[in-house]
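Beneath this line is the structure, given in structure tokens, with notes to follow.
Residue numbering restarts at 1 for every chain, and letters A, B, ... go by the order of the sequence lines. Quick caveat: nothing in here was measured; it's all calculated off a predicted structure.
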Amino acid sequence: MTGVRTRFCPSPTGMVHVGLLRTALFNWAHARHTGGAFVFRIEDTDAARDSEESYRHLLDSLRWLGLDWDEGPEVGGPHGPYRQSERSEVYREVAGKLLEAGHLYESFSTNEEVEARRLAAGQDPKLGYDNADRFLTDAQKAAFRAEGREPVLRLRMPDEDLAWTDLVRGEVRFAAGSVPDFVVVRANGAPLYPFVNPVDDALMGITDVLRGEDLLPSTPRQLALYAALQDVGVAAGTPRFGHLPYVTGEGNKKLSKRDPTSNVDAYRERGFLPEGFANYLALLGWSIAEDRDVFSMAEMAAAFDVTRVSANPARFDVKKAEAINAQHVRALPADDYVAAVLPVLAGAGLVADPPTAEQERVLRAIAPMAQERTVVLSDVVGLLGFLFTEDVEVDPAAAAKNLRPEDGEVLAAAAAALRDLPGWSTPAIEQALKDALVEGLGRKPRQAFGPVRVALSGRTVSPPLYESIELLGRERTVRRLEAARELTAS
RNA sequence: GCCCCCAUCGUCUAGCGGUCCAGGACGCCGCCCUUUCAAGGCGGUAGCACGGGUUCGAACCCCGUUGGGGGCACCA
């Protein structure tokens, strides 16, 4: 397959939805896999809801995920402009051609009139427009205009079944007559989405349209429009369509825009890696192999086949997304991990920006042990914070569990063993603590090291103890042990 | 109401007529390793919605039922 051109054409309203980003990802992957082009177009025809901020945010989100576009905003291309708000002339011209060729006609019926006619005929008003204005005479039109009415433009639907072979679902068919003539241009001259979207696709040479399942019922109209567009020489052909399954939330409902778990930013802020998040998104409807589900963007591009996308709706499962992300975090080269984590620590005020040499040394030393405990980047604030503060705030729950009155002796013994330890190294620290606590006090390892861990890190979960102690240094270690000992007394 | 889409473990999926008493992953439950928590290793739990066909043979093909979802704007 060559010459494939896919597109992603969101409207800049509000936040970026995970389902939207999944659609972008699949279009990108399909283009990359086939060696085609990925076009990015902004459908900002709704001035009331669109915002410049949201537009910027859209570009930023695509770039964050690693989706590069060949044509579109900020990169240009031969079919621009790529923002619909700048293409009004184009639509006016195309509508003119279609009207002249008789594919479009002027319609004066109001919704109330249509409904009244349906009711009078004993039909369900839900059926919509009744094609009543199809053959208005010039005299009739003049009469309506004399009343001060301005017409909308409607597309004359063909009297035949509208069917296509969907890339993900196979043949889909709508019976002739089941789709009424639809409005293409408003009375005030403003073109509508069902018109501008195919017009732009045609003009931009789009060959493959991968979009959400919610748009499937509007495909017959697009097909009819395409036929008209070809007739007047605007379109070269009809694109292939592939309708991607819904991304659902809890329950089986389509993931609502109001559901906080649908906002891509939430994942970004928690520190999902772009590759990890893209990997999970790809799993929503696609799989790379029978026994494998962790892969890179490059691997996805190499293997992606739209035809193998599942038609089933997919539930967004945060737990699995985290598990996939954690695998990407663990696979990071150490330097990359440090680089990724530094801004997070700086953002939490734990290290300077840029970090001091000492802070960087500590981070590099603990990184390999922290890495395998990091699911999302923001985890490091809690996991490593104790290494970058003078004193530590002990988590009350951890204290209740491991800083009980009987644990005081452990802390005292640990402090004593470390206060004058010759040689401050991980092995020396390990030996000293084992001697003092396990041998000396006869405590089980669990009973011995639990209190020490809480005293030093403030939590029951931390990187390996001895290494942490070495990095903490003698002074802070002893001070924290003594401070914790006072807590056991209370 | 009308039209359309979907139907394999709790979840995401593999399966494209025999190699499937259905494979992987997440989750969950054990065990091992271990200074904690993870990671890692090993094992376990759990599924072809139902009914008819077609066929020597059906998770896979067809029809129906049921269930779920979506669309029916001068919004995108």
Does A/R221 make a cation-pi contact with A/F182, if we ask for NZ or CZ under 6.0 Å from the ring centre and within 45° of the axis? yes
Compute both the distance and the angle, then confirm whether A/R22 meets the cation-pi test with A/F26: under 6.0 Å from the six-membered ring centre, within 45 degrees of the axis.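 Ring-cation test returns yes.
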Does [X] reach a base, just sugar-phosphate, or nothing at all? Heavy atoms under 4.0 Å.
X	value
A/R169	sugar-phosphate
A/F174	sugar-phosphate
A/R49	base
A/I324	nothing
A/S178	nothing
A/P464	base
A/L465	base
A/V152	base
A/K319	sugar-phosphate

Return no unless some side-chain N or O of [X] is found under 4.0 Å from OP1 or OP2 of [N].
X	N	result
A/N312	B/rA7	yes
A/K254	B/rG71	yes
A/R308	B/rG15	yes
A/K253	B/rG69	yes
A/R292	B/rA14	no
A/S462	B/rC37	no
A/N252	B/rG67	no

Take atom [atom1] in [N] and the same atom in [M], then report the distance between them in whole Å.
N	M	atom1	answer
B/rA46	B/rG30	C1'	16 Å
B/rC62	B/rC6	P	11 Å
B/rC29	B/rG67	C1'	31 Å

Quick one: on RNA chain B, does A/D124 or A/K434 contact a more 5' nucleotide (nearest heavy atom)? A/D124
Position toward the 5' end of RNA chain B (nearest nucleotide), A/E430 or A/G285: A/G285
Residue A/D293, side-chain heavy atoms: nucleotide from B/rA25, B/rU35, B/rG70 that is nearest: B/rA25
Which of the following nucleotides, B/rA76, B/rC5, B/rC37, is nearest to the side chain of A/V172? B/rC5
Please confirm whether any donor atom in the side chain of A/R373 sits under 3.5 Å from an acceptor in the base of B/rC37, or the reverse. yes
Across all strands, who's sitting opposite B/rC21 as a Watson-Crick or G-U wobble pair, both distances under 3.5 Å?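 Looking at the geometry, B/rC21 pairs with no nucleotide.
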Using both distances under 3.5 Å as the test, list the Watson-Crick or G-U wobble partner of B/rG67, or none.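 The base-pairing partner of B/rG67, which may sit in any strand shown, is B/rC6.
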